[in-house]
Novice: 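Please find one structure pasted underneath; my questions will follow.
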Number of protein chains: 2
Amino acid sequence: MPGFFMSFIATPQTMHFPDALPLQSGKHIRDYTLAYETYGTLNADRSNAILVCHALNASHHVAGVYAGQPKSEGWWDNMIGPGKSVDTNKFFVIGVNNLGSCFGSTGPMHTNPETGAVYGSSFPVLTVEDWVNAQSLLLDRLGVAQLAAVLGGSLGGMQALSWTLQYPERMRHAVVVASAPNLNAENIAFNEVARRAIVTDPDFHGGDFYAHGVVPQRGLRIARMIGHITYLSDDVMNQKFGRALRNGPDIQFTTQDIEFEIESYLRYQGDKFSGYFDANTYLLITRALDYFDPAKKYGGSLKAALTRSLAKFFLVSFTTDWRFAPGRSREIVQALLQNGRDVSYAEIDAPHGHDAFLLDDPRYLAAMRAYFDGIAKEFSA
Amino acid sequence: MPGFFMSFIATPQTMHFPDALPLQSGKHIRDYTLAYETYGTLNADRSNAILVCHALNASHHVAGVYAGQPKSEGWWDNMIGPGKSVDTNKFFVIGVNNLGSCFGSTGPMHTNPETGAVYGSSFPVLTVEDWVNAQSLLLDRLGVAQLAAVLGGSLGGMQALSWTLQYPERMRHAVVVASAPNLNAENIAFNEVARRAIVTDPDFHGGDFYAHGVVPQRGLRIARMIGHITYLSDDVMNQKFGRALRNGPDIQFTTQDIEFEIESYLRYQGDKFSGYFDANTYLLITRALDYFDPAKKYGGSLKAALTRSLAKFFLVSFTTDWRFAPGRSREIVQALLQNGRDVSYAEIDAPHGHDAFLLDDPRYLAAMRAYFDGIAKEFSA
């Protein structure tokens, strides 16, 4: 598939929101900006809009490339574009960078207009529900009253799920990929270790490192290395790296230098990430993951929570995903079926673990195409 | 079981070795000390000795309690003692702290007699094979020509396996619990993240922190938190902690303070560990784990490697252990069967993950008792 379709030129945009957005914490944020991109054309009756929600390390740049930057494909460029599974010849696709992120929307590295100082550690703690509310305000400004679908993978899938509960009448489909109805204890544990690595880095300065002209890169590296382990399956790690040595056939007897290819890979990923990702954003986004739990106010009953939803659902999981295992998607499927909702579910036998949702698996891309083709048939292009 | 047997009094001992021990790295160590304990009595024909090998965070203090310290049970006190599965009324049990550890044997925190300075980062890199050689020298001094069995769990199991290849005639049984023939890429990856957390802690000072009067506690905390996640099963984490909050029924909207019980547990474990474990020891022991791979010099064939072994084997694995999954033990079983060796294997359906090898599972303790009773029948007490 790669190379078969030409990537189109994407143009990032921003929208400013002067009014205060009330947050779940009781705080608010005002005078904030959302970065977003759109692909395709909103049809005459404004019925073909798809909102794409992102996970931890992604943004509004979902598809296409930036002018003059041929390697700048959006993170779901293999899925979304002209003639692709989510066909931008048919759909008007909206990507939005979440509040608190570090790719263009207002985040902890920006100035708080109420104090004139950089937010840093005082940036409000956000939830999935807050993000969805902000996304909804963006849709108001874009003139989209009802979405054909909300689509997201991993944490993005949680946003799609939350959309069905917060704005049930404002969407017709929810497409939830490689996601879960909440984090389990192990998921929270990995997030917490990553956060502790960042927070205990002396360069973090309680979250106010901007003023010190430093970045807690040590902590970010560790956080990213941990993340990468959980994104890959055991199988694919053994297949890609196994016990291959970096420096020839023999071990070098060193505890601090690289010996194994897997170490080299993880250090490279950690270094790269620590060069561009914001430490406070990492804390905020992982905490939003921890907190998400729509069943909580229904005594833990996901079935009871989902009585609010009106959308048709398509859920996708991947057999080797141990971060959000297929069983977690099946919990959602089960709760929807108990509510008599219209739900499709594909469990893709893919070797790549959680990362599979971003990769070119033909069965996965075909299943997505089939579902979105079905959505497209519901409106006149 | 706990409380049913009285714990006996254990007495730590040390043995000094003036001669140089050649190491796999080509280096050597001399004038070193091994800390050890023995329980039970060596019989007249010296045929009832069991060597117990330890894993990362353990020592020669395998069973019993220290005088006046009723809470100081050895790490395998539930398994080993008078009337227990490994019955010290029948066996003479030897626990030894490995070289490079931080519980009494010579390690990086000690003075190098050749330089008069603390070893620190210059402590030689050790392998499982080096440990086994040192253990063998201790047995010489204890007058034990042949062991009834070598017993170990996790990394201790690797030592038991290595014993059968390094000293095949010096033992009759190998009991290998919750272990593996080598680490896979994911195992190495977790070790590497833990090591990076330690090495990049500014208080590590390249391994020579002793001279600075500091300890890289931040790094040790992170390392231990990662370790704990991999020791527990997903199921037992969900059952013990789930999504339970620490501070009442509602979230507090904080990214740096504790919200979930699992966070509190991990931070507690990390704090405790960082207060007593040596950072260089952590690097050394995890590296010995990474390096262990007896099949390597046989072109990756474990079957070929195990042709050297003469011991009878008993292997035990635990269904929910995802660190050293049952499949890894089955690889060893398979290779032994291909060599026509005498091998027993128990796959215990236990919920506790890798930690199960240290816990009171009745089926596990019964299986061990049956095997060791069989060994005891081979000699006259």
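All values below were derived from every heavy atom in this structure, side-chain atoms included, with hydrogens, water molecules and symmetry-related copies excluded. Letters A, B, ... mirror the listed sequences (proteins, then strands); counts begin at 1.
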Novice: Using a cut-off of under 4.5 Å on heavy-atom pairs, state which of A:Thr254, A:Leu23, A:Leu126, A:Leu245 scores highest against chain B.
Specialist: A:Thr254
Novice: Where does B:Lys27 contact chain A at under 4.5 Å (heavy atoms): side chain, backbone, both or neither?
Specialist: neither
Novice: For a quick test of reading the model, state the closest non-hydrogen atom pair linking B:Ala185 to A:Met237 and the distance between them.
Specialist: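 Shortest heavy-atom contact: CB-O, 3.5 Å.
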Novice: For chain B, find which of A:Thr127, A:Ile258, A:Ile251 contributes the most heavy-atom pairs closer than 4.5 angstrom.
Specialist: A:Ile251
Novice: Quick one: of B:Gly26, B:Pro202, B:Ser121, B:Pro124, who has the most non-hydrogen atom pairs under 4.5 Å with chain A?
Specialist: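 When all of B:Gly26, B:Pro202, B:Ser121, B:Pro124 are compared, B:Pro202 has the most.
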Novice: Does a sphere of radius 6.0 Å around NZ in A:Lys303 hold more than 12 heavy atoms from other residues, nucleotides or ligands, not counting ones at 6.0 Å or beyond?
Specialist: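 Open.
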Novice: Can you tell which part of B:Arg221 gets under 4.5 Å to a heavy atom of chain A, answering side chain, backbone, both or neither?
Specialist: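 Nothing of B:Arg221, per the 4.5 Å heavy-atom cut-off to chain A.
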Novice: So, taking the atom named CD1 in A:Ile229 and the one named CD1 in B:Ile188, what distance separates them when rounded to the nearest 0.5 Å?
Specialist: 11.0 Å
Novice: Let me confirm one number: the CG-CD distance from B:Leu232 to A:Glu186, rounded to the nearest 0.5 Å.
Specialist: 9.0 Å
Novice: Given that the side chain runs from C-beta out, which part of B:Tyr291 has a heavy atom under 4.5 Å from chain A: side chain, backbone, both or neither?
Specialist: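 Contact with chain A involves both backbone and side-chain atoms of B:Tyr291.
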Novice: Looking at every non-hydrogen atom in both residues, tell me the closest pair between A:Phe204 and B:Gln256 and how far apart they are.
Specialist: CE2-NE2, 3.4 Å
Novice: Counting only non-hydrogen atoms closer than 4.5 Å, does B:Tyr265 touch chain A with its backbone (N, CA, C, O), its side chain (CB onward), both, or neither?
Specialist: neither
Novice: Any side-chain heavy atom of B:Arg195 within less than 4.5 Å of one from A:Glu263?
Specialist: yes
Novice: Please classify the contact of B:Leu284 with chain A as side chain, backbone, both or neither, using a heavy-atom distance under 4.5 Å.
Specialist: both
Novice: Is it the backbone or the side chain of A:Glu261 that comes under 4.5 Å from a heavy atom of chain B, or both, or neither?
Specialist: neither
Novice: Does any heavy atom of chain A fall under 4.5 Å from the side chain of B:Ile198, the backbone, both, or neither of them?
Specialist: neither
Novice: Test your reading of the model: is there a side-chain donor-acceptor pair from A:Arg196 to the backbone of B:Ile222, 3.5 Å cut-off?
Specialist: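 Side chain of A:Arg196 to backbone of B:Ile222, a donor-acceptor pair under 3.5 Å: no, none is there.
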Novice: If you count heavy-atom pairs within less than 4.5 Å of chain A, which of B:Ile262, B:Asp234, B:Leu266 leads?
Specialist: B:Asp234
Novice: Tell me whether A:Tyr298 at atom OH has more than 12 heavy atoms from other residues, nucleotides or ligands lying less than 6.0 Å away.
Specialist: yes
Novice: With a 4.5 angstrom heavy-atom cut-off, which part of B:Thr286 approaches chain A: side chain, backbone, both or neither?
Specialist: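 Contact with chain A: none, neither part.
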Novice: Measuring from atom CZ of B:Phe260 to atom CG of A:Asn191, what distance do you get when rounded to the nearest 0.5 angstrom?
Specialist: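 Rounded to the nearest 0.5 Å, the CZ-CG separation comes out at 9.5 Å.
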Novice: For B:Ile226 and A:Met225: C-alpha separation, side-chain torsions, deciding distance, then whether side chain to side chain contact (heavy atoms under 4.5 Å, CB included) applies.
Specialist: CA-CA 11 Å; B:Ile226 293 168; A:Met225 291 171 85; over 6 Å; no
Novice: Go through the atoms of A:Pro249 and report whether side chain, backbone, both or neither lie under 4.5 Å from a heavy atom of chain B.
Specialist: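 Contact with chain B: backbone only.
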Novice: Please classify the contact between B:Asp290 and chain A as side chain, backbone, both or neither, with a heavy-atom cut-off of under 4.5 Å.
Specialist: both
Novice: Quick one: do B:Arg287 and A:Glu259 make a salt bridge, cutoff under 4.0 Å?
Specialist: no
Novice: Between A:Leu183 and chain B, which part of the residue has a heavy atom less than 4.5 Å away: side chain, backbone, both or neither?
Specialist: both
Novice: Give, for atom CG of B:Asp250 and atom NZ of A:Lys297, the distance between the pair rounded to the nearest 0.5 Å.
Specialist: 12.0 Å
Novice: Most heavy-atom pairs under 4.5 angstrom with chain A, which of B:Asn184, B:Asn187, B:Asn280, B:Asp201?
Specialist: B:Asn184
Novice: Which bit of B:Tyr282 is near chain A, if near means a heavy-atom gap under 4.5 Å: side chain, backbone, both or neither?
Specialist: neither
Novice: Answer yes or no: are there more than 12 heavy-atom neighbours, outside A:Arg246 itself, under 6.0 Å from its atom CZ?
Specialist: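 At most 12 heavy atoms, drawn from other residues, nucleotides or ligands, come within 6.0 Å of this atom.
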Novice: With only heavy atoms counted, which part of B:Val199 is less than 4.5 Å from chain A, the side chain, the backbone, both or neither?
Specialist: side chain
Novice: Is the shortest heavy-atom distance from the side chain of A:Val125 to the side chain of B:Thr255 under 4.5 Å?
Specialist: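 In short, these two side chains touch, coming nearer than 4.5 Å.
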